[in-house]
Amino acid sequence: MRRHPRRGEAGLQVSPDISGRPSERGAEVGRRIGVGLMYGLWKPRVLGAWRVPASGPVIFAVNHSHNVDGPMVMGVAPRPTHFLIKREAFIGPLGTFLESIGQVKVDRTSTDRTAITRALDVLAGGGALGIFPEGTRGEGDFASLRAGLAYFAVRGGAPIVPVAVLGSTEKRGRLIKKLPPLRSRVDVVFGDPFEAGDGTGRRTRTALDAATVRIQGRLTAHLDHARRLTGR
């Protein structure tokens with residue numbers, strides 16, 4: 001069993017994968033960095049992490065209401081995660097760093113075939129892919145889903161694990177107003193994995209639309225459960 005790194009064990013050297021594929025080792029380094037930062041700055045309460053499959057392809061479908069949601073999941077998830085991240089974030093040293101820790105740059109304005117290929121490579125290699133199915137930061141209530149999540153789940157043969165991040169937008173920090181208050185509690189609730197497709201493996205527009213409807217129902221139900229469970 002892989003030991004969960006302790007706080008402060010983030011001091012590992014990272015380097016990009018020269019093959020162009022998202023680096024699994026880089027993602028593990030990113031997870032360790034996330035452990036140190038998330039537990040050092042806030043007080044994450046993680047519920048249901050045992051539900052995440054220990055191996056094989058998996059997709060974390062995360063609600064998105066704050067910029068800290070992605071790093072928070074990277075730091076508390078039991079597996080290294082490759083998130084689909086908008087290309088606007090890949091600027092200068094930050095962009096180099098994100099690529100070195102196995103994150104996937106995506107152009108949201110078009111069909112980004114390079115990003116699609118890299119995301120499918122993650123799943124084909126038995127990795128964990130992180131997706132914000134709403135496409136952009138908003139209310140974080142899964143009210144508007146894009147079809148990309150259904151495509152990756154069906155094409156990659158990966159179960160979806162719903163993830164609810166709660167508490168990141170309740171208050172504004174005093175020192176850095178764009179972040180949650182330091183040492184405040186943020187809840188991360190992992191749900192039961194489920195299959196998005198109907199069992200036929202079809203990837204037609206109709207089949208993916210139907211899968212998106214099923215996914216939205218499961219994600220919304222998980223978010224409601226997470227709110228009741230945490231009282232948020």
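Residues: numbered from 1 along the sequence shown.
There is a path of hydrophobic side-chain contacts, each under 4.5 Å, that joins Phe132 to Phe190. Cluster annotation: Leu182 is connected to Val188 through the hydrophobic network of ILVMFWY side chains, with a link wherever side-chain heavy atoms come within less than 4.5 Å. By the rule that hydrophobic residues join a cluster once side-chain heavy atoms approach within less than 4.5 Å of another member, Leu166 and Leu47 end up as members of separate clusters.
In plain terms, the two heavy atoms of Thr212 and Ala150 that are nearest each other are OG1-CB, 3.5 Å. Of all non-hydrogen atoms in Pro22 and Val104, the two that sit nearest each other are CG-CG2, 3.9 Å. Pro78 and Ala49 make their closest contact through CG-O, 3.8 Å (heavy atoms, listed as atom of the first residue, atom of the second, distance). Here the closest heavy-atom approach between residue Asp192 and residue Pro162 is recorded as O-CD, 3.4 Å. Taking each heavy atom of Glu88 and Arg108 in turn, the nearest pair found is OE1-NH2, 4.0 Å. A pairwise comparison of heavy atoms in Arg87 and Thr109 identifies NH2-OG1, 4.4 Å as the closest pair.
Taking 4.0 Å as the cut-off between side-chain N and carboxylate O, Arg228 and Asp224 do not count as a salt-bridged pair.
With rounding to the nearest 0.5 angstrom, the NE2 atom of His225 is 14.5 Å from the OG1 atom of Thr220. The distance from atom CD1 of Ile131 to atom NE2 of His82, rounded to the nearest 0.5 Å, is 12.5 Å. Taken to the nearest 0.5 Å, the CD atom of Gln216 stands 8.0 Å off from the CG atom of Leu219. Atom CZ of Arg113 and atom OG1 of Thr117 lie 8.5 Å apart (nearest 0.5 Å). Summarising the geometry, atom CG belonging to Leu179 is positioned 9.5 Å from atom OG belonging to Ser184; distances are rounded to the nearest 0.5 Å. Annotation: the span from Arg79 atom CZ to Phe60 atom CZ amounts to 6.5 Å, rounded to 0.5 Å.
Between Arg214 and Asp198, some side-chain heavy-atom pair lies under the 4.5 Å cut-off. A 4.5 Å side-chain heavy-atom check between Ile101 and Arg31 finds every atom pair outside the cut-off. In this structure, Val68 and Pro180 have side chains that are in contact, with non-hydrogen atoms separated by less than 4.5 Å. Put simply, the side chain of Asn63 reaches to within 4.5 Å of the side chain of Leu223, judged on heavy atoms. Contact annotation: the side chain of Asp187 never approaches that of Val165 to less than 4.5 Å [non-hydrogen atoms, C-beta and beyond]. The shortest distance between side-chain heavy atoms of Leu94 and Leu98 falls below 4.5 Å. Using a 4.5 Å heavy-atom threshold, the side chains of Val186 and Met72 count as touching. Using a 4.5 Å cut-off on side-chain heavy atoms (C-beta onward), Phe83 and Val106 make no contact.
Panel note: side chain His222, backbone Val189; a donor-acceptor pair is recorded below 3.5 Å. Side-chain atoms of Asp69 come within 3.5 Å of backbone N or O of Ser65 as a donor-acceptor pair. A donor-acceptor distance shorter than 3.5 angstrom exists from the side chain of Trp42 to the backbone of Pro181, with no hydrogens or angles considered.
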I'd like to know whether Thr204 forms a side chain to side chain contact (heavy atoms under 4.5 Å, CB included) with Leu208, so could you lay out the CA-CA distance, the side-chain angles of the two residues, the decisive distance to 0.1 Å, and finally the verdict. CA-CA 6 Å; Thr204 63; Leu208 292 178; over 6 Å; no
Exercise for the section: Might you work through the side chain to side chain contact (heavy atoms under 4.5 Å, CB included) test for Thr96 and Phe90, ending with a clear yes or no? Expected result: CA-CA 7 Å; Thr96 301; Phe90 287 74; over 6 Å; no
Exercise for the section: Check the pair Lys105, Thr114 against side chain to side chain contact (heavy atoms under 4.5 Å, CB included), reporting the backbone distance first and the verdict last. Expected result: CA-CA 9 Å; Lys105 176 170 59 176; Thr114 298; over 6 Å; no
Evaluate side chain to side chain contact (heavy atoms under 4.5 Å, CB included) for Leu120 paired with Tyr151, printing each intermediate quantity in order.
CA-CA 10 Å; Leu120 291 174; Tyr151 174 82; 4.2 Å; yes
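The side-chain contact (heavy atoms from CB on, under 4.5 Å) test with Ile59 singles out one residue from Thr81, Val161, Leu149, Val122, and that residue is Leu149.
A cation-pi arrangement is found for Arg218 relative to Phe194, the charged atom lying closer than 6.0 Å to the ring centre and inside a 45° cone about the ring normal.
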